[in-house]
Amino acid sequence: MTFTTRFAPSPTGPLHLGHAYSALLAHDMARQAGGRFLLRIDDLDQSRSRPEWEAQLKGDLAWLGLTWPEPCRRQSEHLPDYRAALERLSAKGLTYPCRCSRRDIASAASAPQEGAAHFGPDGLIYPGTCRGRAMSEAEPGDAIRLDIQKALGEGSLPGFTETGAAHAGQHLLTPDYLLTGIGDPVLARPHMGASYHLSVVVDDAAQGVTDVIRGEDLFTATFLHRFLQMLLELPVPRYHHHPLVRDEAGKRLAKRDDARAIARYRDDGLSPDAIRRKVGL
Ligand code: GLU
């Protein structure tokens, strides 16, 4: 199968050096493999996504020398795909509606009987307060979660191949890690249709992605993505998690970190090659 990778930014702010590194690395790896580089616009969060940011990020990527086939996939145009995936999991009885706010979760997770609070890919691990509620009891403002314990009954656990240097090799999913390191993840939110975790596996499969290249911060989420691929019988890409670009103090860059926005460097007269050197490519 043709090597196919993608860069999937959310149009919620300016792209910074960390995005430039991720996009350039994926683009270079695709070119070296004689493969395809796709751009995907992760705009499910319509409360924060803006067409202006999408236009700017495309301008920045083109300026860096990247090319991709148009039209690119835009998540907001594929809501029925995510709904179908969610319905498939619900039909197997693996989902439940959850009405907990962040604050409810924080106070339940810090209750004395819970012991030390544990963190997963989405922050505090969900303590399971709403587990056991039936989908028929869902109310309009509820999130939908996957019941990991139930889903473990769906088959033997698979693994995935990682090619990034920090975790290179085969990684097997274990019940213990899914239950205590991930916890019941949100699959859909009232204002977003699908969560990132559900949409990313649906999109990667729909786009024929063979190699996911993305930041190290998403390595642990990959165990959940692989689990969802198993439950939804989706094809499985290889994964390559790269180190994050950090500032001088060692902190990872954030969208609001305007000082390192690519647009800022462009305005200051830096060349795309200078950006490549800055990020170590
Ligand atoms: N939109 C996601 C992000 O920017 C994509 C992550 C991924 O590559 O899977 O974090």
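Owing to the predicted nature of the structure, the values given are computational and were not obtained by experimental measurement. Each ligand, and each atom within it, is numbered from 1 in the order the structure gives.
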Distance-only, no hydrogens or angles: does the Asp43 side chain make a donor-acceptor pair with backbone N or O of Gln75 under 3.5 Å?
yes
Hey, is Val212 touching ligand 1 through its side chain, its backbone, both or neither, going by heavy atoms under 4.0 Å?
neither
Find all atoms of ligand 1 within a distance of less than 4.0 Å from any non-hydrogen atom belonging to Val200, and give their numbers and elements.
9 (O)
Which of the listed options, Ala221, Ala8, Gly215, holds the heavy atom that is closest to atom 5 (C) of ligand 1?
Ala8
Measure the distances from the heavy atoms of Arg6 to every atom of ligand 1 and state whether one is below 4.0 angstrom.
yes
Taking Asp268 for its side chain and Tyr265 for its backbone only, find out whether a donor-acceptor pair lies under 3.5 Å.
no
Can you name the atoms of ligand 1, numbered from 1 with element, that are less than 4.0 Å from a heavy atom of Leu218?
6 (C), 7 (C)
Under 4.0 Å from one or more heavy atoms of Asp42, ligand 1 contributes atoms 1 (N), 2 (C), 5 (C)
Check: of Tyr196, Tyr239, Phe7, min heavy-atom distance to atom 9 (O) of ligand 1 comes from Tyr196
Quick check against the 3.5 Å criterion: does Lys92 have a side-chain atom that pairs as donor or acceptor with the backbone of Glu154?
no
Numbering as shown, the atoms of ligand 1 that approach Ser10 to under 4.0 Å (heavy-atom distance):
1 (N)
Expected output: side-chain Arg226 to main-chain Pro158 donor-acceptor under 3.5 Å
no
Just by distance, do the side chain of Ser76 and the backbone of Arg74 share a donor-acceptor pair under 3.5 Å?
no
Side-chain donor/acceptor of His242 to backbone N/O of Ile213, under 3.5 Å
no
